[in-house]
Number of protein chains: 2
Amino acid sequence: MIVYFRSMRIKDEAKQSAIIDATVKLVNEIGFVSSSVSKIAKEANVSPATLYIYYKNKEDLLVSTYLEIKQRLSEEILSEFNQNAPIRDSLYKFWTNAFHFISQNNSYFQYTEQFANSPYSEKVNHEDVEKSFTPIYEVLQKGIEQKIIKNVSFEILSVFMFYPIMNLSNARLCKNITADSKTIEDAFQLAWDAIKL
Amino acid sequence: MIVYFRSMRIKDEAKQSAIIDATVKLVNEIGFVSSSVSKIAKEANVSPATLYIYYKNKEDLLVSTYLEIKQRLSEEILSEFNQNAPIRDSLYKFWTNAFHFISQNNSYFQYTEQFANSPYSEKVNHEDVEKSFTPIYEVLQKGIEQKIIKNVSFEILSVFMFYPIMNLSNARLCKNITADSKTIEDAFQLAWDAIKL
DNA sequence: TTCTAAAATAAACGATCATTCATTTAATGT
DNA sequence: ACATTAAATGAATGATCGTTTATTTTAGAA
């Protein structure tokens, strides 16, 4: 909770978001290795010292940026979710939402992939992150109960439902794929065939 | 080609492999960011300068290490491959080989994942790397011709056949999964259902 | 054994790193 | 208008970075 005491100059929200954008941009272009605080600050048009007003240190900046993007991703995936739709339709909606978010925000997504595969990953509470995606697990659970979906662990199901799409729409890993509608349809059919009973 | 002129002290192969092991170990424990040449050298019990006898520079070390591991992975995946076996059996063999290599060499595999998701990835010729895996593509092609496997692009097929397994057996990404035989069987069934016609 | 040339190294290079400090700027309540 | 307080910053900190240099070590040919 923020306490406003007598008088207080307020943090510039545009600056905060400029820092996040600069972090994502630089990390994708030159990697974690070369993305120094000074370079990020210069890219965001702020002083290096300013960064330490918004974040405890560099690690805090990188972790917070990861969590911020994961949050946006979960919101995008779950948008327009209809509890009452058939299970296959719900999953198709999640799937296409994910595809479009990743395609249209490739630098943000690549940041999270680079982050998740690095030791920084150990600094986040992944259970908390997974909570944002619970509606997906609920749909899968309902599918298992209705004997529409195979009765295997959630890890296996989600790894087939969502990791292929993440790779197909990641420009760094998959250079020959375009996000045309046939690709999306083809790929979803494979994902569905994988998990359906 | 190496020319031996009159007399010549020979490079210590144990040192070379100590450097690779130290690189993999450190990159996995503390990431690309913190894995400095001096730390890698210290871990390998050599001088930082020695490293520059074996590799042009740090980037060369990291790229070479990536290629070395990818080479070993492809050899493991393709081992005991029988041209005449049924298609499903061949893919099952590739699949279990991959699962076991990744499970038993998790730090090596995690290195390649971290590398592939970083901008260092741009420094390798991915077409060359893919060539090591051509037998896999040939099996898939044969399956398409025999109308056993769906007629979609290789990218889509391989992304369903191999990326899920990579995630399931990557300890960093998948902490709750054990490599018991039921998991392997379950997961392969999903992969097969995804790609089969 | 002696000589040779590359392997191997310790020490040093300038550059850049993450972070802090001393100071200035700019909102806000009075 | 003024006082207050945090936002914002430029400059400096010591540490560490990747790489090079000058020197020593060592395996093998003569």
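What you are looking at is a predicted structure, and each value in this text was computed from that prediction instead of being measured. Atoms considered below: every heavy atom in the structure, side chains included; atoms not considered: hydrogens, waters and symmetry mates. Below, chains carry the letters A, B, ... as their sequence lines are ordered, and counting in each starts from 1.
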Sequence neighbours left out, cut at 3.5 Å: what donor-acceptor pairs do the side chains of residues 128-136 of chain A make with other protein atoms?
| from | atom 1 | to | atom 2 | distance (Å) |
| --- | --- | --- | --- | --- |
| A:Glu130 | OE1 | A:Tyr137 | OH | 2.6 |
| A:Ser132 | OG | A:Val129 | O | 3.2 |
| A:Thr134 | OG1 | A:Lys131 | O | 2.8 |

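- Scored by the side chain to side chain donor-acceptor pair (under 3.5 Å) test, A:Asn45 finds no partners at all (sequence neighbours excluded).
- Contact check of residues 14-46 of chain B against DNA chain C (heavy atom, cut-off under 4.0 Å) returns B:Lys15, B:Val46.
- In this structure, B:Asp89 has no side chain to side chain donor-acceptor pair (under 3.5 Å) partners at least two apart in sequence or on a different chain.
- When the side chain to side chain donor-acceptor pair (under 3.5 Å) test is applied to B:Asp60, the partners found at least two apart in sequence or on another chain are B:Ser64.
- Using a 4.0 Å cutoff on non-hydrogen atoms, the parts of residues 47-65 of chain B near DNA chain C are B:Ser47, B:Ala49, B:Thr50, B:Ile53, B:Tyr54, ordered by number.
- Annotation: side chain to side chain donor-acceptor pair (under 3.5 Å) contacts of A:Glu138 (sequence neighbours excluded): none.
- Here A:Trp95 pairs with A:Phe188 under the ring pair (Phe, Tyr, Trp, His ring centres under 6.0 Å) rule; sequence neighbours left out.
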Please output the side-chain donor-acceptor pairs of residues 151-158 of chain B that fall under 3.5 Å, not counting sequence neighbours, one pair per line with the distance.
| from | atom 1 | to | atom 2 | distance (Å) |
| --- | --- | --- | --- | --- |
| B:Ser153 | OG | B:Ile156 | N | 3.4 |
| B:Glu155 | OE2 | A:Asn176 | ND2 | 3.2 |
| B:Ser158 | OG | B:Phe154 | O | 2.9 |
| B:Ser158 | OG | B:Glu155 | O | 3.4 |

